[in-house]
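Letters A, B, ... mirror the listed sequences (proteins, then strands); counts begin at 1. Because the structure is a prediction, the values reported are computed rather than measured.
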Amino acid sequence: MINKTVKNVQEALQGVQDGMTLMLGGFGLCGIPENCIQELLRIGVKDLTCISNNAGVDDFGIGLLLQKRQVKKMIASYVGENAEFERQLLSGELEVELNPQGTLAERIRAGGAGIPAFFTPAGYGTEVGEGKESREFNGKMYLMESWLKADFSFVKAWKGDTAGNLIYKGTARNFNPMMATAGKITVAEVEELVPAGELDPNMIHTPGIFVQRIFQGEKYEKRIEQRTVRQA
Amino acid sequence: MINKTVKNVQEALQGVQDGMTLMLGGFGLCGIPENCIQELLRIGVKDLTCISNNAGVDDFGIGLLLQKRQVKKMIASYVGENAEFERQLLSGELEVELNPQGTLAERIRAGGAGIPAFFTPAGYGTEVGEGKESREFNGKMYLMESWLKADFSFVKAWKGDTAGNLIYKGTARNFNPMMATAGKITVAEVEELVPAGELDPNMIHTPGIFVQRIFQGEKYEKRIEQRTVRQA
Amino acid sequence: MALDKNQIAKRIAQEVKNGMYVNLGIGIPTLVANYIPHGIEVVLQSENGLLGMGPFPTEDKVDADLINAGKQTITTLPGSSIFSSSDSFGMIRGEHVDLTILGAMEVSEEGDIANWKIPGKMVKGMGGAMDLVASAKNIIVAMQHTARDGSSKLLKECTLPITGLKCVKKIVTDLAVLEVTDKGFKLLERAPGVTVEDIQKATEGTLIVEGDIPEVQL
Amino acid sequence: MALDKNQIAKRIAQEVKNGMYVNLGIGIPTLVANYIPHGIEVVLQSENGLLGMGPFPTEDKVDADLINAGKQTITTLPGSSIFSSSDSFGMIRGEHVDLTILGAMEVSEEGDIANWKIPGKMVKGMGGAMDLVASAKNIIVAMQHTARDGSSKLLKECTLPITGLKCVKKIVTDLAVLEVTDKGFKLLERAPGVTVEDIQKATEGTLIVEGDIPEVQL
């Protein structure tokens, strides 16, 4: 089996340059590629277009890239809980394209699956539909939406093997599987990297063909945004 | 959790009528809903439109429905290995719509996922493209293809639980997961039916929301078309 | 006496039928889960990729990898399943979810809904709301009948950027339960002690009042 | 001496590079797997939903739930993965597969391929061939140079219903190895003992011969 292992996050991000389009997995702070984001901060690449459902919070996740002004444009569905983001957006420093969440997910899947365009009812009759082709099917109106692809996709999985196969845990799955398919180069960081053959072929969430580089991440913080508990 | 269990295949097929559109999972004879096909034969419904990647062989699978002239139209991608099929097709007794396999798979997924149409390059410039809208994206030509849905979908899984969650085994997965999403009523027959809670939520191939009826099938024959072995 | 948030949630819970798959939005809709009557079996869908959302975890069971669409830590239940965002919205877009309950800033008498943006002031994004309202078989809105300045939020036409067209079926506010019909907001129930006249004053859109209007029973 | 099926497969195996994901069609292409040189690590994709196809099973390991696209019983390898048909063709359509090797009934000098139908005589269907040829980054065809009656299968234009337009990059026949160029079939190699004149006679489409044409080395 082809070995996709790289030795560390530095090697994993080789080739990332100013002006590139990046996809970053995660929903809120759940399932985000923490190590890759730290490395993006360290190397300081600028003018990035970031595709991610959310924009992190002020002091974690993509929020850190926004603080350092590394992001030129965000493509996302929900960017609340981020004061710096809202400030840059309202002041015009940051370009933002908001997509309905399902449209965003499907556009990314389409990018990975070779489907340049598809029709969805989400956003018809709203600002989202402005300038887009619309069409009626069976008496209902739909918008035509196009695929999304990236120069690099950064995804976070629970377990991975040296062949690039990935398994996600819980709702940390979210956008990671589609993004893994839509990057020219997909970098997977995993909590546990095992030799090919240790994962059940029947239970793989992302087949290794989609992953070009894989490494075991370090020091996962896994910050929780809304810690809600009940009494035992 | 909502309980989807029915007591047997008779109850599972209640409401199936002449003239309906049915989806049947499987690739060749691998992963086909054997019990449901037997029941379709027994109740003798006619004028069916069957959507299935293949048409079985002369004496097994959908081939049996063809022998009994229960099928008016087949939508499939490959129908070799079936002399009776070829005879009915060439004589005009059977209406056949052949789709590229990936287009068929994606049309079914689209039916389940609420996407009325999408673009694919498969079949552009061929008979498949005749009468269909075509369009250029990034210098390449694509055909617009539409979704497929069914009155009933019959799928076969390895394990299932009472909530309708399904796990497939090996390449018996094939078309089953998409078909499960595209039936108004989806019937799942499984080799082993377990109580809700016994399957790992992280390892479900088909979430229970898509399955309206589930039962444990009997006497799986699992016929092999090309038994190929090597010396130990 | 106007209904409080929990009473609105409790009233909406009466709309939930046995065997339904339900998506609950952030805010009041989330509270609906607390009031689903015993004997009614429903499955909650969380659009970030979970079917069968359970209660909040006890302290020792908190898992950063298990949250709902409101980013709250949650639990699974026996029979739960987990999937990607594209599968989740395939489920939603494909009309497999029976009922969507969500909040709104404005609703029009034709059933348009606005809940994602206040130009120049607030842009959090639409999240999954546009997908949900475009495809839900049944949509119930939980909202305040009027803004803090007393202006109506049930309008002839929405003034804010809309989230979806002609999609809201029923509205439960602090003052009333209403159905969206071809002819406008049809008044179904009044909050206890609130008069039809109070509701009329608080409703800018066409209000249809036929016969006696009963009080909400909780 | 014309190449036999195994020799065609062996020659094609030389085109397979380390690190490639490869889809092998039914027939001669399947045989290519037997000749991949040691030290070349490739992953075989079977479009019915398997990545990392292993060899045929021993008798005691035969599993009806594990077949390839040719319906043959097969095995998995350490690092294999299994997925649905829609995910499989997403992989193919999304150009994640590096090389597709398939059979053909006819190929045109522009690289059109026909391999799914003989009107009035044979209709097996296109299976996954149309998807593969429409999206493969690199397509190599394994075929006989001529039909049994001696007529050429390398044509100016295909006479049979086509499977895909301008997609074939290279052809390995029993007589020759050819590249499809803007100007026609460029002859790269001859089967041992087969002359350029033999190949010219067997080729209806434009044949480009530049310089000395070496024999195939196996």
Using non-hydrogen atoms and a limit below 4.5 Å, what part of [range] faces chain B?
range	value
residues 44-55 of chain D	E47(D), N48(D), G49(D), L50(D), P55(D)
residues 160-176 of chain D	P161(D), I162(D), T163(D), G164(D), L165(D)
residues 9-41 of chain D	none

May I ask you to test the [X]-[Y] pair for a side-chain heavy-atom distance under 4.5 Å?
X	Y	answer
L98(B)	W116(D)	yes
R230(B)	T58(D)	yes
N54(B)	K71(D)	yes

Roughly how far apart are [X] [atom1] and [Y] [atom2], rounded to 0.5 Å?
X	Y	atom1	atom2	value
T103(B)	R93(D)	OG1	CZ	6.5 Å
S88(D)	F175(B)	OG	CZ	9.0 Å
E59(D)	Q231(B)	CD	CD	9.0 Å
F83(D)	T171(B)	CZ	OG1	10.5 Å

If I measure from the heavy atoms of chain D, does [X] come under 4.5 Å with its side chain, its backbone, both, or neither?
X	value
E86(B)	side chain
E191(B)	side chain
N99(B)	backbone

Among residues 130-141 of chain B, which residues come closer than 4.5 Å to chain D, judged by heavy atom distances?
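Against chain D, the residues of residues 130-141 of chain B that fall inside the cut-off (heavy atoms, under 4.5 Å) are K140(B).
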Can you establish whether the number of heavy atoms outside K222(B) located under 6.0 Å from its atom NZ is more than 12?
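Yes, the 6.0 Å shell around NZ holds more than 12 heavy atoms from other groups.
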**Report entry** Residue D60(D) excluded, over 12 heavy atoms near CG under 6.0 Å
**Finding:** yes
Among R109(B), K169(B), Q226(B), single out the residue with the greatest number of heavy-atom pairs under 4.5 Å to chain D.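 Between R109(B), K169(B), Q226(B), the count favours Q226(B).
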Checked A105(B), G31(B), G28(B) vs chain D; the most non-hydrogen pairs under 4.5 Å come from A105(B)
> Quick check: does any side chain N or O of S86(D) sit under 3.5 Å from a backbone N or O of E106(B), one acting as donor and the other as acceptor?
Replying inline: no
Minimum heavy-atom distance between [X] and [Y], given as atom pair plus value:
X	Y	result
D131(D)	Q101(B)	OD2-N, 3.1 Å
G123(B)	M130(D)	CA-SD, 3.8 Å
A64(D)	I224(B)	CB-CG1, 3.7 Å

Do you know which of [options] has the most heavy-atom pairs under 4.5 Å to chain B?
options	value
D63(D), I67(D), L66(D), D112(D)	I67(D)
A129(D), P57(D), G125(D)	P57(D)
T76(D), V62(D), D65(D)	D65(D)

Between [X] and chain B, with a heavy-atom cut-off of 4.5 Å, which part of the residue counts as in contact: side chain, backbone, both or neither?
X	value
I92(D)	neither
N68(D)	backbone
A69(D)	both

